[in-house]
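Encoded as structure tokens, the structure appears first; notes follow it.
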Amino acid sequence: MKKLAFVPFPLPEESPTSMLRRFALQCGCAYPADIVNLTCTVNLKCSAISSEGPLAKWIAARAGCFSERFLNGFYKPVGRFAERMPYQVYGTVIPNSLIRFSGNAFCSSCRAEGYDRFVKDLRPALYCPYHYRRYLFQCPICDRQLRWIDPMTDICSCGNYLESPECSAQDCALEQVLRIMVLENREDFFQQLKKTLNDLHYDKICHHNIPKIEISSQLP
């Protein structure tokens, strides 16, 4: 098995899909098909944020002595690898329902800095608390849903330059709390947040329109 010339290591608070994107760009991959050709049988539709995901395991198997350091940047399933299990995110166990497995929350400022942060992978997060930008989930021109691998740059396939709208620090209050609660390993907070969202029938509404006023009442 041929070893890789480049293995990404996690940057501070980096999202796993950001690591994979940096890997893809370093390998000269500009489109999803390029990654498929490089990895042969890897299914990009499978979870890209899990340490048990096929793409993460494919890279780790070729990372040699750097395998463990690479996989430390991914979220670890707690229990058997099956649907609805919780994941460990930066050491904090978070319910499956609070993790964004599909689509992509895009911050143009994160992208300009070269990597995306983990807060974007939390489903209640609508704003980037690092740059005070509202996440984009689709191209505002062609309505194409954004994925971690498409587009690889900040330009949509329709040619539109993707720029996240600016927002206020107050807009990002929930996201700031989410970030801190993860870094402080406040698993009790996420269990309470899960209960609150269940009471609000969160799974029946679009995750772009989360009732933040009701959630804010649960903040510490």
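Everything numeric in this text was worked out from a predicted model, so none of it was measured.
Listed by first then second residue, pairs satisfying ring-ring contact (aromatic ring centres under 6.0 Å, His included) with a partner in residues 90-117 read Tyr87-Phe101, Tyr90-Phe118, not counting sequence neighbours. For residues 63-75, the set of pairs meeting the side chain to side chain donor-acceptor pair (under 3.5 Å) definition, not counting sequence neighbours, comprises Tyr75-Asp121. Note on residues 6-16: pairs passing salt bridge (Lys or Arg N to Asp or Glu O under 4.0 Å), not counting sequence neighbours, are Glu13-Arg179, Glu14-Arg22.
Here the rule is salt bridge (Lys or Arg N to Asp or Glu O under 4.0 Å) with Arg133, and of Glu175, Glu163, Glu113 only Glu163 fits it.
The closest donor-acceptor contact from the side chain of Arg100 to the backbone of Lys120 lies under 3.5 Å. A distance-only check finds a donor-acceptor pair linking the side chain of Gln176 to the backbone of Pro129 [under 3.5 Å].
Between Ser157 and Pro151 there is no side-chain heavy-atom pair separated by less than 4.5 Å. Between Leu25 and Met152 the shortest side-chain heavy-atom distance falls below 4.5 Å.
A salt bridge links Arg144 to Asp150: one of the charged nitrogens lies within less than 4.0 Å of a carboxylate oxygen. Ionic pairing of Asp171 and Arg134 is not present here: no N-O contact between side-chain nitrogen and carboxylate oxygen is shorter than 4.0 angstrom.
For the 3.5 Å distance criterion, the side chains of Thr92 and Asn185 qualify, holding a donor opposite an acceptor.
Applying the salt bridge (charged side-chain N to carboxylate O under 4.0 Å, His left out) test to Asp34 and every residue at least two apart in sequence or in another chain returns nothing. Residues satisfying the ring pair (Phe, Tyr, Trp, His ring centres under 6.0 Å) test with Phe23, not counting sequence neighbours, are none. Contacts of Phe6 classified as ring pair (Phe, Tyr, Trp, His ring centres under 6.0 Å), with partners at least two apart in sequence or in another chain: none.
Distance check, rounded to the nearest 0.5 Å: CD1 of Ile35 to SG of Cys29 gives 4.0 Å.
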